[in-house]
Amino acid sequence: MTHSIITRLEAAATATEARLVAALKDVPLPGEILRPERLMAAMRHGALAGGKRLRPFLVLESAALFGLPRQQALTAAAAVECVHCYSLVHDDLPAMDNDDLRRGQPTVHRAYDEATAILAGDGLLTLAFDLMCDDATHPDPKVRLALTRGLARASGVGGMVGGQMLDLAAEGRFSGPDGAAGTPLALSADEIITLQSMKTGALLAFAVEAGGLLGQADAPARTALASYGRALGAAFQIADDILDVEGSAEAMGKKVGKDAAAGKGTLVSTLGLDGARARLATLVEEAQQALAPFGAQAETLIEAAYFVAARQN
Ligand code: GRG
């Protein structure tokens, strides 16, 4: 890992957090009546208590390929991070993963209560779309509209929310597509890849595509970014599956060993650890090749693919 990617990740995190702090103030915006203090505090807990800020970093770095200064891509980056933070708050709820720890801190429903955590997640999701529609996101309303729709498609029923639904079915939480109630489904590697591309890949890939939308990139550049984003998203999830087996709760800031405990099929259980590591290496290679048209300009995004594969949390 080079010093430069760490520095750039930290800079993206600092700038995004400043944008989130500004968006999460108690003072109501025009059109709002008042912002309940407890709700805002819970939202700040969910959005500001740590995190790598990888998705905002991807928005900023892909926008930089088209010459956009960081400040001009920051509102879109914060919008994507709000969706990510909402998904973590809701994923940790008792009805979902029932986790006590996230980013090394008590989860929002542990720090507050379940109903407040549900509303904090709802608030972060709606705030994401408020930010994406804001004039500060881009001066051209057509660009803002494309970003807003892209975010909705990546986060919604055919993306993250749909992927979470398939994930619950795979854990056998209820009657799955084959009618097996209460038992984990034996998914094929292809089914796992689809599920993961929805649950975690879609938002990561959108973060990359958002840079192209902000930069009003031409079709070949957008295709290259989409290929990179897909490979990166898949690599991120395999790395997560490997960390769930090999990582420590201390480094991860959350419980590990959850997939095996839930009897959940992952690419590690399907391909084995070595098979999963080999696929991870192939995906990193694919991500790198996808960015070839950008030459040396894409160095940071290429390094990001290596970072995602090698990360310890
Ligand atoms: C509840 C609608 C809904 C969706 C939840 C993304 C997701 C779907 C759940 C997250 C559960 C999880 C731990 C998935 C594994 C991959 C993942 C998204 C890890 C957390 O993302 P990082 O590593 O987290 O980018 P930080 O804390 O760095 O932001």
Side-chain angles (χ1 to χ4, degrees), residues 6 9-10 12-13 16-17 20 45-59 77-78 80-105 107-109 114 117-118 120-122 124-126 128 151-152 154-171 173 192 195-208 232-245 247 249 251-259 261-262 264 266-268 280 304 307-313:
I6 302 295
L9 257 169
E10 283 172 1
T16 304
E17 276 155 30
L20 290 172
H45 185 94
L48 298 172
K52 294 179 290 299
R53 312 301 188 189
L54 181 60
R55 294 152 193 80
F57 162 86
L58 292 170
V59 176
V80 174
E81 185 67 6
C82 278
V83 170
H84 171 58
C85 294
Y86 122 78
S87 81
L88 299 182
V89 174
H90 278 192
D91 188 65
D92 290 334
L93 286 168
M96 301 257 186
D97 267 12
N98 196 17
D99 272 314
D100 296 339
L101 199 63
R102 166 73 63 188
R103 295 167 161 173
Q105 308 273 341
T107 48
V108 178
H109 66 275
E114 202 177 329
I118 293 171
D122 294 341
L124 286 168
L125 175 61
T126 1
L151 183 61
S155 321
V157 288
M160 186 176 69
V161 172
Q164 180 77 350
M165 189 71 195
L166 295 179
D167 199 56
L168 294 176
E171 282 183 14
R173 300 276 199 100
I192 295 170
L195 184 162
Q196 295 185 341
S197 71
M198 293 170 69
K199 183 181 154 183
T200 42
L203 192 62
L204 281 159
F206 173 72
V208 176
L232 185 89
F236 178 93
Q237 184 60 61
I238 297 195
D240 206 72
D241 292 349
I242 295 173
L243 283 170
D244 192 60
V245 175
M252 297 283 283
K254 63 177 186 180
K255 223 191 290 171
V256 291
K258 290 190 328 189
D259 297 335
K264 192 163 104 189
T266 69
L267 288 178
V268 173
L280 179 58
F307 169 81
V308 155
R311 71 198 171 92
Q312 298 300 314
N313 68 18

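Whatever order the structure lists ligands and atoms in, that order sets their numbers, starting from 1.
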Participant: If the cut-off is 4.0 Å to any non-hydrogen atom of Gly51, which atoms of ligand 1 fall inside it?
Facilitator: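 Listed by number with element: 26 (P), 27 (O), 28 (O), 29 (O).
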
Participant: If we only count N/O pairs under 3.5 Å, is Glu81 in contact with ligand 1?
Facilitator: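 No, since none of the N or O atoms of Glu81 sits under 3.5 Å from an N or O of ligand 1.
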
Participant: For the residue pair Glu81 and Thr16, confirm or rule out a side-chain donor-acceptor distance under 3.5 Å.
Facilitator: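 Side-chain D/A pair, Glu81 to Thr16: absent.
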
Participant: Going by the order shown, which atoms of ligand 1 are within less than 4.0 Å of some heavy atom of His90?
Facilitator: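 Taking each heavy atom of His90 in turn, ligand 1 has 1 (C) under 4.0 Å.
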
Participant: I need the atoms of ligand 1 closer than 4.0 Å to a non-hydrogen atom of Arg311, numbered in the order shown.
Facilitator: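 Once the distances to Arg311 are compared, the set is 23 (O).
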
Participant: With heavy atoms of Tyr86 as the reference, note each atom of ligand 1 found under 4.0 Å away.
Facilitator: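 In order of numbering, the contacting atoms are 2 (C).
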
Participant: State whether the side chain of Arg311 and the backbone N or O of Phe236 hold a donor-acceptor pair below 3.5 Å, judged by distance alone.
Facilitator: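 Side chain of Arg311 to backbone of Phe236, a donor-acceptor pair under 3.5 Å: yes, one is there.
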
Participant: State, to 0.1 Å, how close Ala235 and Val308 come at their nearest heavy-atom pair, and which atoms those are.
Facilitator: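 Heavy atoms of Ala235 and Val308 come nearest at C-CG1, 4.0 Å.
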
Participant: Any N/O of Gln164 closer than 3.5 Å to an N/O of ligand 1?
Facilitator: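 N/O-N/O distance below 3.5 Å does not exist for this pair.
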
Participant: Would you confirm whether Arg103, through its side chain, and Leu48, through its main-chain N or O, come within 3.5 Å as a donor-acceptor pair?
Facilitator: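 A pair under 3.5 Å: no.
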
Participant: Should Leu54 be listed as contacting ligand 1, given a heavy-atom distance under 4.0 Å as the test?
Facilitator: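 No; Leu54 lies far enough from ligand 1 that no heavy-atom distance drops under 4.0 Å.
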
Participant: Around atom CE of Met96, are there more than 12 heavy atoms from other residues, nucleotides or ligands closer than 6.0 Å?
Facilitator: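 Buried by this count: over 12 neighbours within 6.0 Å.
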
Participant: How close do Ala13 and Lys52 get, heavy atom to heavy atom, and via which atoms?
Facilitator: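 Minimum heavy-atom contact is CB-O, 4.4 Å.
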
Participant: Do ligand 1 and Arg103 have nitrogen or oxygen atoms that lie under 3.5 Å from each other?
Facilitator: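 Checking ligand 1 against Arg103, an N or O pair does fall under 3.5 Å apart.
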
Participant: Check whether any N or O atom of Lys52, backbone or side chain, sits under 3.5 Å from an N or O atom of ligand 1, and answer yes or no.
Facilitator: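 Between Lys52 and ligand 1 (N or O atoms, distance only) the closest approach is under 3.5 Å.
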
Participant: Please test Asp240 against Gln196 for side-chain hydrogen bond (donor to acceptor under 3.5 Å, both in side chains), starting from the C-alpha separation and ending with a verdict.
Facilitator: CA-CA 11 Å; Asp240 206 72; Gln196 295 185 341; over 6 Å; no

Participant: Give the single entry among Asp91, Asp240, Leu88 that approaches atom 11 (C) of ligand 1 most closely by any heavy atom.
Facilitator: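 The residue whose heavy atom sits nearest atom 11 (C) of ligand 1 is Asp91.
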
